[in-house]
Amino acid sequence: MSNLNAMNVLQPIGRIFLAFLATVGRLTMFTGSALSHCVRPPFYPRIIGRQMVEIGFFSLPVVGLTAIFAGMVLALQSYTGFARFSAEGAIANVVVLSITRELGPVLAGLMVAGRVGAAMAAEIGTMRVTEQIDALNTLSTNPMKYLVAPRLIAGLTMMPILVFIADIIGVFGGYVVGVYKLGFNAANYLQRTYDFLEAEDVISGLVKASIFGFIITLMGCYHGYHSKGGAQGVGTATTYAVVSASILILSSDYILTELFFAK
Amino acid sequence: MSDAQPKIRLRNLHKSFGDKVVLNGVDLDVGVGESVVVIGGSGTGKSVMIKCILALLPVGEGSIQVDGEEVVGIGTKDRERINRKFGMLFQGAALFDSLPVWENVAFGLLAEKRVSRAEARDVAIGKLAQVGLTPEVGDLSPAELSGGMQKRVALARAIAADPEIIFFDEPTTGLDPIMADVINDLIVKITREMGATALSITHDLASARKIAHRIAMLYEGKIIWVGPTADIDDSGNPYVDQFINGRAVGPIKMAIRA
Ligand SMILES: Nc1ncnc2c1ncn2[C@@H]1O[C@H](COP(=O)(O)OP(=O)(O)OP(=O)(O)O)[C@@H](O)[C@H]1O
Ligand SMILES: [Mg+2]
């Protein structure tokens, strides 16, 4: 009897574990195949271009808004905090370091995951359930090459550019609050922003951005590609794409930070 | 027929989804330049059979030969080469909704880089005319078309690259009777005049009689009858008789409980 109970508990755990392993395996194979298609011709420059515009240009408003408010609130919060030990002078540094190293890439990553990752999963998922992906196969076109590779390339290349712009906007947000609300001297504020900033801070943020761009597009494509079961399946794929990309962004962010600043 | 090498040869083809057996040993030959129509009840696995030949679905067991070459389990490169021989009209049209109609039709030509974009466009407009669509339709997006128009665009796309073997999955479903006959004539023309091999699926017996050299009936995962089109009315097979006469009573039981 107790044996039976133990079985009842262990069975679902085993099943979940196996399903997890299967997913990891499928995702690894998908990633490998997608990457190999990124570097082997034929390439589809038109589609790469369209995806670059979609990720880099049309995400600008959303990412810019996020960045400016992040910079503004950062300046305000650090002011109230730092005033307690008379370190108000440091807020320019705090703003620029937080934005370039951390908030720029992570916030932009999360916003783009919601915007672009979801759209990719929905588009590719719809193509799957309406047999458009099958149709590609019958028309001398490899769907991995035609649908997935261009999106990965666009994600890898456009996210750093997007984040670089977000960095500037975020720092500007901090500047506006610092100078116009908290009464810092404008030249002074800029000087302090600039003085403590090292190339490494910005570059590490941009490397993160590139990896996040890869994660977002990979999750969008993977979940869309494997969606099944009509409109409902596409909806599920969209949710999974955003949730898994967000979790992977936050967890890989920690690992990347460890790697960059371990010394 | 029997001595010449068939264009497509299916032997003992099996396909299941989980526990559900769909194809249970299908044997079928399609000769060079021949037009074979597969009939059978809804959900018997006709579309699945074609998708197995195109490798859109993995085959359970059995053999599929194209021009005498075994194609089950071949690598990606060989598969791309084999698929170049095929054109496919999907039951649900499966048009690319991100592209205008003419690019849909010319997609295969552009993918194989056989022609420039301008030439491809001309070919596409020509193929659209063959299925009774005006050049203006070429610039619309698939979502702006009616169901029957989408079907015809899909047909134009299937034949655009002049494939050796064409699969038509219900080419006349959703068309008015006159347009259906235009499409029948087109399929006849493609097979008889251009020498293409065709494997079609249809529920439209008038269409089957017109386009088929031979008709095969799929029932419970097997081809239970195959013969020349002229023999369909006296096949001597009670299943075929029931099917072509559309009788609810007979050996074929529908899974319906009153
Ligand atoms: N991807 C799939 N996953 C699971 N089951 C499937 C899948 N595709 C088809 N089937 C099942 O296989 C059976 C045959 O489907 P198929 O589409 O070949 O029918 P059909 O003969 O073309 O019918 P119709 O004339 O209605 O188009 C159906 O019962 C269907 O439920
Ligand atoms: Mg079907």
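Proteins come first, then strands; the chains are lettered A, B, ... in the order of their sequence lines, and each starts at number 1.
Shortest non-hydrogen contact noted between B:Ala111 and A:Leu139 is CB-O, 3.6 Å. Shown here for B:Ala94 and A:Ala135, the closest heavy-atom pair between the two residues is O-CB, 3.8 Å.
Taking CG of A:Leu147 as the reference point, atom OG of B:Ser98 lies at 8.5 Å (rounded to 0.5 Å). Summarising the geometry, atom CG belonging to B:Leu57 is positioned 7.0 Å from atom CG belonging to A:Asp134; distances are rounded to the nearest 0.5 Å.
A 6.0 Å sphere centred on CZ of A:Phe164 holds no more than 12 heavy atoms belonging to other residues, nucleotides or ligands. Heavy-atom neighbours of A:Phe57 CZ from other residues, nucleotides or ligands within 6.0 Å: at or below the threshold of 12. Within 6.0 Å of the CD atom in B:Glu61, the count of heavy atoms belonging to other residues, nucleotides or ligands exceeds 12.
There is no contact between A:Tyr44 and chain B, counting heavy-atom distances below 4.5 Å. Proximity to chain A is absent for every atom of B:Leu110, based on heavy atoms less than 4.5 angstrom apart. Contact annotation for A:Thr130: only backbone heavy atoms (N, CA, C, O) come within less than 4.5 Å of a heavy atom of chain B.
In this structure, the side chains of A:Asn137 and B:Arg79 stay at 4.5 Å or more apart for every pair of heavy atoms. Here the side chains of B:Leu56 and A:Ile133 are not in contact, with every heavy-atom distance at 4.5 Å or above.
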Any chance you could lay out the side chain to side chain contact (heavy atoms under 4.5 Å, CB included) test for B:Phe96 and A:Leu136, step after step, and finish with the verdict? CA-CA 9 Å; B:Phe96 305 124; A:Leu136 282 175; 3.5 Å; yes
Evaluate B:Leu95 against A:Gln132 for side chain to side chain contact (heavy atoms under 4.5 Å, CB included), listing each step before the verdict. CA-CA 6 Å; B:Leu95 297 176; A:Gln132 291 178 51; over 6 Å; no
Take A:Glu131 and B:Met88, measure what side chain to side chain contact (heavy atoms under 4.5 Å, CB included) needs, and give me the verdict at the end. CA-CA 12 Å; A:Glu131 300 183 324; B:Met88 166 79 182; over 6 Å; no
Given the rule in the side chain to side chain contact (heavy atoms under 4.5 Å, CB included) test, do A:Thr138 and B:Phe90 qualify, once you have shown the distances and angles that lead to the verdict? CA-CA 10 Å; A:Thr138 67; B:Phe90 285 86; 4.1 Å; yes
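With respect to chain A, the highest number of heavy-atom pairs below 4.5 Å among B:Asp97, B:Thr76, B:Leu54 belongs to B:Asp97.
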